Asker: 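One structure, as structure tokens, below. Some questions next.
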Amino acid sequence: MRKERYQEDDFKVFVNELLSSCRLEGKEAGIAKLVLGKGYDNLSEKQKFVFDRSIQRNTIERCQRCDIEIPWCEMLLALENGGYCGYCQHMMEKDE
């Protein structure tokens with residue numbers, strides 16, 4: 001995941017969703033809360049490493065069907081549905 005995407009508007013909402021859905025626990029959750037409160041740039045190098053790894057584990061960069069970049073607002077859905085954007089997921093359900 002490109003770190004530039006951390007600056008996108010929906011990113012903090014996504015981090016909140018990760019916390020609410022218990023996908024981040026312990027140290028990862030604490031660091032995510034720091035990101036929400038103080039921002040990514042204020043983390044130590046070790047904290048950035050842990051945070052980056054947890055984000056990498058909880059994201060899918062591109063849709064498996066149409067190859068577009070998955071927006072943050074659809075990321076949890078993509079994690080749950082096997083890696084599809086909202087549109088492709090809808091189209092596949094419609095085809096069934």
Side-chain angles (χ1 to χ4, degrees):
M1 181 62 56
R2 296 184 336 264
K3 292 178 188 166
E4 301 87 52
R5 290 204 61 200
Y6 294 179
Q7 304 304 317
E8 294 176 12
D9 293 336
D10 296 4
F11 182 67
K12 286 188 175 183
V13 173
F14 172 67
V15 173
N16 259 324
E17 289 174 346
L18 288 176
L19 289 166
S20 322
S21 64
C22 299
R23 288 184 164 270
L24 301 178
E25 296 177 343
K27 191 185 306 183
E28 290 178 342
I31 294 170
K33 290 174 185 174
L34 283 173
V35 169
L36 293 174
K38 296 185 178 187
Y40 178 80
D41 293 333
N42 290 313
L43 298 178
S44 71
E45 289 306 312
K46 287 181 180 181
Q47 288 171 323
K48 286 180 181 179
F49 176 80
V50 171
F51 183 75
D52 293 343
R53 190 179 60 201
S54 65
I55 292 298
Q56 181 104 24
R57 194 180 71 250
N58 285 289
T59 55
I60 296 173
E61 240 176 288
R62 306 193 76 74
C63 176
Q64 300 295 315
R65 184 172 182 229
C66 70
D67 200 40
I68 65 159
E69 189 171 72
I70 304 273
W72 294 119
C73 63
E74 295 180 11
M75 194 64 70
L76 281 182
L77 174 65
L79 287 167
E80 293 169 2
N81 71 21
Y84 300 100
C85 69
Y87 176 77
C88 287
Q89 175 67 27
H90 171 73
M91 294 307 290
M92 291 184 322
E93 288 172 358
K94 190 175 169 183
D95 289 342
E96 291 177 0

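Because the structure is predicted, anything quoted here is derived from the model rather than measured. Residues: numbered from 1 along the sequence shown.
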Asker: If every non-hydrogen atom of I60 is compared with every non-hydrogen atom of Q64, which pair is closest and at what distance?
Answerer: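 Nearest heavy atoms, I60 then Q64: CG2-NE2, 4.2 Å.
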Asker: How long is the straight-line distance from CD of E8 back to CZ of R2, given to the nearest 0.5 Å?
Answerer: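 That separation rounds to 7.0 Å.
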Asker: Over 60° means perpendicular and under 30° means parallel, so tell me whether F51 and Y40 are parallel, tilted or perpendicular.
Answerer: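 Tilted.
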Asker: Restricting to non-hydrogen atoms, name the atom on P71 and the atom on R5 that form the minimum distance, rounded to 0.1 Å.
Answerer: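 Heavy atoms only, the tightest pair is CA-NH2, 3.7 Å.
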Asker: Please check if the side chain of Q47 supplies one atom and the backbone of I31 the other of a donor-acceptor pair under 3.5 Å.
Answerer: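 Absent.
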Asker: Determine the minimum heavy-atom distance between R23 and N58, stating which atoms define it.
Answerer: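 R23 and N58 have their closest heavy atoms at NH1-OD1, 3.3 Å.
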Asker: Would M75 and L18 show up in the same hydrophobic cluster when neighbours are defined by side-chain heavy atoms closer than 4.5 Å?
Answerer: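 Shared cluster, yes.
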Asker: From L34 CG over to N42 CG, what is the distance, rounded to the nearest 0.5 angstrom?
Answerer: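 The distance works out to 9.0 Å.
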Asker: First locate atom CG of L24, then atom NZ of K33, and finally report the distance between them rounded to the nearest 0.5 Å.
Answerer: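 Between atom CG of L24 and atom NZ of K33 there are 10.0 Å.
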Asker: Working to the nearest 0.5 angstrom, can you tell me the gap between S21 OG and E80 CD?
Answerer: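 Those atoms lie 7.5 Å apart.
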Asker: Please give me the minimum heavy-atom distance between K12 and V35, naming the atom from each residue.
Answerer: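 Taking K12 first and V35 second, the nearest heavy atoms are CE-O, 3.9 Å.
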Asker: Report yes or no: do Y6 and D41 form a side-chain donor-acceptor pair below 3.5 Å?
Answerer: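 Per modelled atom types, Y6 and D41 side chains form no pair under 3.5 Å.
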Asker: With rounding to the nearest 0.5 angstrom, report the CD1 to OH distance, I70 to Y84.
Answerer: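 Answer for the CD1-OH pair, I70 versus Y84, is 10.5 Å.
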Asker: If you count the non-hydrogen atoms of other residues, nucleotides and ligands that lie under 6.0 Å from CG in D67, is the total more than 12?
Answerer: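 It does: D67 CG has more than 12 such atoms within range.
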Asker: Taking all non-hydrogen atoms of both residues, which atom of E17 and which atom of L76 are closest, and how far apart?
Answerer: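 So the two residues come closest at CB-CD1, 3.4 Å.
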Asker: Working to the nearest 0.5 Å, report the span between CZ of F49 and OG of S54.
Answerer: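 Separation between the atoms: 10.5 Å.
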Asker: Find out whether E74 and Q89 are in side-chain contact, i.e. whether some heavy atom of one side chain is under 4.5 Å from a heavy atom of the other.
Answerer: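 Heavy-atom side-chain distance check fails, nothing below 4.5 Å.
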Asker: Tell me, do F14 and T59 make a side-chain contact under 4.5 Å, heavy atoms counted?
Answerer: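 Contact flag for F14/T59 side chains = yes.
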Asker: Tell me the closest heavy-atom pair linking A32 and L19, and the distance in Å.
Answerer: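 Where A32 meets L19 most closely, the heavy atoms are CB-CD2, 4.1 Å.
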